[in-house]
Amino acid sequence: MNMLLLYCGIFSAVRGKDKDMSDVKRVDDTWVPLLLQWFSVHCRELPWRGGTRRDPYKVWVSEIMLQQTKVEAVRPYYESWMERFPDMETLAAASADEVLRQWQGLGYYSRARNLHQAVQEVVASYDGKVPSDTAELVKLKGVGAYTAGAIASIAYGRRVAAVDGNVLRVFARLYNIEENILSGAVKKEITDLVDNVMPAACPGAFNEALMDFGAQVCVPRQPHCEGCPLSSHCLARAAGKEAVLPLRLTKKNIPTEDITVVVCTRQRKWLLHRRPEKGLLASMWEFPNAGGAGAEGIGAVTKLLQSVGLSVVVGAAEIAAVKHVFSHKIWRLHVYRAKAVHGHLQAKEDWQWLPVTAYTEVPWAGPHGKITAVL
DNA sequence: AACTCGGGGAA
DNA sequence: TTCCCAGAGTT
């Protein structure tokens with residue numbers, strides 16, 4: 001069966017927008033009928049796509065299950081779910097344990113709990129009818145901007161965007177958007193683009209077409225540009241960047257380093273060390289420190305100080321813990337006091353006893369500057 | 001804006 | 001291993 005015909009009545013009225021709105025920025029949307037034509041042939045047969053009228057409950061369940069989850073993983077769960085909970089009343093009456101059991105293995109289990117609660121709310125407070133307005137939909141537990149748009153457009157034919165990972169990727173390529181698609185700004189930019197090019201005749205089919213297209217043709221790696229019906233409209237391809245877009249910058253896991261710091265005080269002076277002229281925090285002053293935490297860290301600092309002629313006894317208590325985030329690493333500074341300092345500091349330019357009153361006069365390594373505030 | 005939340009398939 | 005998937009809630 002051809003879903004497109006149900007919602008679109010063929011790809012005719014795709015340009016149903018007002019061409020006289022001069023202050024609205026126009027973008028190229030001539031590819032839209034090509035996408036719809038592609039979808040009319042290549043749309044996937046999915047269990048939640050049957051029927052002449054899309055049941056809002058079925059659309060809702062499928063959209064929740066599909067969050068961060070591949071279609072093939074969802075398919076058996078959806079079938080089983082609909083056998084057990086064929087309508088919202090049945091689901092609302094079910095126990096939380098039974099709902100969770102049906103979800104077992106699919107992951108992100110808060111989706112099941114939220115869906116259960118939201119359906120109970122719809123049954124109790126919405127006369128058993130799923131809202132058609134996105135402003136109402138997003139009030140439901142587990143329904144965000146994407147899911148609200150998907151339900152409103154697919155089940156109710158509302159002209160609303162549903163921007164998911166597929167849509168972000170497809171638009172980043174079509175319009176050669178080189179910024180990070182995971183940023184809020186780019187997501188808004190693409191949402192505006194979708195709103196701008198969305199055909200009035202078949203919003204739901206258009207949204208589904210974008211996702212099917214992203215899943216089958218404009219795939220994340222090595223997009224199938226040969227044979228892509230939109231390749232001649234693709235600005236990324238024109239720029240030769242179809243393989244490197246979209247840009248997805250995730251917060252990379254930056255390593256955390258434990259560093260033990262020992263504050264040595266003598267005659268109202270602090271023992272300080274100047275960092276090497278090259279590298280991190282070059283030439284800035286810091287308290288004596290060494291890598292490691294606990295006894296290991298204290299031992300390392302003690303050994304370091306012995307190498308410059310000082311013998312110290314470090315207090316047992318950690319007097320402060322300072323966290324400092326760099327772009328590429330995190331320092332956890334464990335700060336101790338030296339109870340006693342013996343010996344004479346060897347004459348070295350990068351080791352000094354500095355009056356505590358002069359601490360504002362030297363360049364402090366940032367993390368150690370935080371320690372002076374604690375002291 | 002960054003974290004957390006599951007699990008599976010693909011490169 | 002790493003990436004990515006029809007994201008949303010929390011902090």
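Computed over heavy atoms, backbone and side chain alike; hydrogens, waters and symmetry mates excluded. These numbers were taken from a predicted model, which means no experiment stands behind them.
Backbone-only contact: A/Gly105 has heavy atoms under 4.0 Å from sugar-phosphate atoms and none from a base. Heavy atoms of A/Arg169 sit under 4.0 angstrom from primed sugar atoms or phosphate atoms, though from no base atom. Residue contacts shown for A/Ala162 are absent, as no nucleic acid heavy atom lies under 4.0 Å away. As judged by a 4.0 angstrom heavy-atom cut-off over every strand, A/Ile64 is placed among residues making no nucleic acid contact. Residue A/Val143 is in sugar-phosphate contact alone, with no base atom involved, counting any heavy-atom pair closer than 4.0 Å across all strands shown. Using a 4.0 Å heavy-atom criterion, one finds that A/Trp48 contacts the bases of the nucleic acid, with or without backbone contacts as well. Using a 4.0 Å heavy-atom distance criterion, A/Leu168 is classed as making no nucleic acid contact. Using a 4.0 Å heavy-atom cutoff across all strands shown, A/Ser110 reaches no nucleic acid atom at all.
Straight-line distance between the C1' atoms of C/dC4 and B/dC5: roughly 15 Å, to the nearest whole Å. Here, B/dC3 and C/dA6 have their P atoms 24 Å apart, quoted to the whole Å. Across C/dG9 and B/dG8, the matching C1' atoms stand 23 Å from one another, rounded to whole Å.
Distances shorter than 4.0 Å separate some side-chain N or O of A/Thr147 from OP1 or OP2 on C/dA8. Within the structure, every side-chain polar atom (N or O) of A/Gln67 is placed at least 4.0 Å from both OP1 and OP2 of C/dG7. Here A/Arg248 reaches the OP1 or OP2 of C/dC5: one of its side-chain N or O atoms lies under 4.0 Å away.
Across A/Ala152 and A/Val160, no two heavy atoms sit closer than the pair CB-CG2, 4.3 Å. The heavy-atom pair separating A/Gln216 from A/Arg44 by the smallest distance is NE2-CG, 3.3 Å.
Between the side chains of A/Gln67 and A/Tyr146, no donor-acceptor pair of N or O atoms lies under 3.5 Å. Neither side chain, A/His42 nor A/Asp212, offers a donor N or O lying under 3.5 Å from an acceptor on the other. If you check the side chains of A/Ser132 and A/Arg158, you find a donor sitting under 3.5 Å from an acceptor. For the 3.5 Å distance criterion, the side chains of A/Trp81 and A/Gln102 fail to qualify, holding no donor opposite an acceptor.
Rounded to whole angstrom, the span from the CG atom of A/Leu247 across to the P atom of C/dC4 amounts to 10 Å. We find that CG of A/Asp212 is positioned 10 Å from P of C/dA6, with the value rounded to whole Å. In this structure, A/Leu249 places its CG atom 12 Å from P of C/dC3, rounding to the nearest Å. Rounding to whole angstrom units, OH of residue A/Tyr78 and C1' of C/dA6 are separated by 14 Å. Put simply, CG on A/Leu106 is 12 Å from C1' on C/dC5, counting in whole angstrom units. Rounded to whole Å, atom P of C/dA6 lies 16 Å from atom CZ of A/Arg54. In this structure, A/Lys141 places its NZ atom 8 Å from C1' of C/dG9, rounding to the nearest Å. Rounded to an integer number of Å, the gap from CE of A/Met211 to P of C/dC4 is 19 Å.
Residue A/Ala185 is the one, among A/Ala185 and A/Arg111, whose nearest nucleotide of DNA chain B lies closer to the 5' end (criterion: closest heavy atom). Ranked by how close their nearest DNA chain B nucleotide is to the 5' end, A/Tyr108 and A/Arg221 are led by A/Tyr108. When each of A/Lys70 and A/Gly144 is assigned the nucleotide of DNA chain C bearing its nearest heavy atom, the one mapping closer to the 5' terminus is A/Lys70.
Contact check for A/Ser153 versus A/Phe206: no side-chain heavy atoms found under the 4.5 Å cut-off.
Bounding nucleotides for the chain A contact on DNA chain B, 5' to 3', at a heavy-atom distance below 4.0 Å, are B/dA1 to B/dG8.
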Begin with the C-alpha distance, continue with both residues' side-chain angles, and end with the deciding distance and a verdict on side-chain contact (heavy atoms from CB on, under 4.5 Å) for A/Val163 and A/Phe171. CA-CA 10 Å; A/Val163 179; A/Phe171 272 74; over 6 Å; no

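Take A/Glu286 and apply the salt bridge (charged side-chain N to carboxylate O under 4.0 Å, His left out) test, not counting sequence neighbours, and it matches A/Arg275.
Among the nucleotides C/dG9, C/dG7, C/dC5, the one closest to the side chain of A/Tyr146 is C/dG7.
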